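One structure is given here, and the rest of the page talks about it.
Start at 1 and go down the list; that is how both ligands and their atoms are numbered. The structure displayed is predicted, hence computed values, not measured ones. Note that the numbering runs from 1 along the sequence shown for the chain.
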Amino acid sequence: MLLGVNVDHVATVREARKDVEPDPLKAAALAIKGGADGITVHLREDRRHIQDRDLIGIRKRVKTVELNLEMAATDEMIGIALKVRPDMVTLVPEKRAELTTEGGLDLKKSGSKIKKAIDAIQAKGIPVSLFINPSITDVEISKELGAKMVEIHTGLYSNVRGKQQAMELKRVKEAVKRGLEIGLMVNAGHGLNYANVKKIVAIKGVRGLYIGHSIVARSVYDGMEKAVREMKKLST
Ligand code: PXP
């Protein structure tokens with residue numbers, strides 16, 4: 001199973017100060033050193049974290065692993081994807097007020113817009129993945145729309161506990177199974193952390209996991225002691 005590491009939140013910290021640090025490109029290089037099979041960036045329409053220059057820089061430097069561009073299915077983003085040429089594009093719904101991607105794509109409502117984006121991007125040889133809720137219907141519609149891949153939203157699985165989590169896990173498993181049956185590559189992601197990832201890893205046939213927040217959070221804990229020790233040395 002591939003691990004794609006989302007470095008958006010490194011840019012979130014930088015944008016809080018509009019500074020140059022921490023640099024998501026540097027973080028991407030370290031993630032690759034740590035074994036990441038891919039790097040994901042989400043260029044949001046409001047540019048709240050990743051900036052256009054980050055995407056361009058990461059594309060220039062990330063050559064040995066897969067660069068996954070998450071984006072909304074808009075003309076602006078399609079234009080950027082065709083210019084920058086990531087190794088794959090994941091289409092996601094985007095709401096300005098949301099803190100993160102809250103649900104999967106609404107394929108019934110936005111089907112024609114999504115199909116237009118899939119056709120334009122895949123015609124240039126870049127595979128498209130659709131970020132969808134764990135629903136068999138959505139998996140089947142993704143295939144009809146022509147996407148090569150789907151990413152099953154694990155956010156609800158990650159947010160609930162006990163019986164409800166078992167139910168959500170079942171939905172994820174069924175969606176994965178249906179995707180594989182109809183010839184899609186199936187990924188999963190959102191909300192996965194060091195505790196809840198194991199049950200998703202155990203699902204056979206999942207191509208890759210896309211994880212960001214928990215890895216960035218862990219990096220802060222793991223790096224804090226060393227960072228303080230170094231500053232302490234300089235300041236005493
Ligand atoms: N996959 C998609 C499509 C996402 O939008 C996100 C969040 O940016 C992730 C995966 C990663 O989610 P998390 O940051 O919760 O690991």
#### Entry: Glu151 and His190: side chain donor to acceptor below 3.5 Å
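Side-chain D/A pair, Glu151 to His190: absent.
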key: Donor-acceptor pair between Thr40 and Asn68 side chains, under 3.5 angstrom   = yes
Write out the residue and atom name of the closest protein heavy atom to [atom], then the distance separating them to 0.1 Å.
{"atom": "atom 8 (O) of ligand 1", "value": "Asn6 ND2, 3.3 Å"}
{"atom": "atom 6 (C) of ligand 1", "value": "His190 CD2, 3.6 Å"}
{"atom": "atom 11 (C) of ligand 1", "value": "Tyr210 O, 3.8 Å"}
{"atom": "atom 2 (C) of ligand 1", "value": "Glu70 OE2, 3.1 Å"}
{"atom": "atom 16 (O) of ligand 1", "value": "Gly212 N, 2.7 Å"}
{"atom": "atom 14 (O) of ligand 1", "value": "His213 N, 2.9 Å"}
{"atom": "atom 15 (O) of ligand 1", "value": "Gly191 N, 2.8 Å"}

- prompt: Do Arg171 and Leu156 come within less than 4.5 Å of each other through their side chains, counting heavy atoms only?
  reply: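 Yes, close enough: below the 4.5 Å cut-off.
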Problem - Check: Arg48 and Glu15 side chains under 4.5 Å, non-hydrogen atoms - result: no
Contact region, Glu151 to ligand 1, non-hydrogen atoms below 4.0 Å, reads side chain
Carboxylate-amine/guanidinium contact Glu174 Arg178, below 4.0 Å | no
Q | For Val92, the ligand 1 atoms whose distance to one of its heavy atoms is below 4.0 Å | A |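 Heavy-atom distances to Val92 below 4.0 Å select 3 (C).
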Residues 118-136 vs salt bridge (charged side-chain N to carboxylate O under 4.0 Å, His left out), sequence neighbours excluded, gives Lys115-Asp119
**Prompt:** Can an N or O of His9 be found at a distance shorter than 3.5 Å from an N or O of ligand 1?
**Reply:**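 Looking only at distances, the answer is no, because the N/O contact criterion of under 3.5 Å is not met.
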### Task
Kindly write out the residues that satisfy side-chain contact (heavy atoms from CB on, under 4.5 Å) with Ala188, not counting sequence neighbours, or none if the list is empty.
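By the side-chain contact (heavy atoms from CB on, under 4.5 Å) rule, Ala188 matches Thr154, Ile200, Val206, Leu209.
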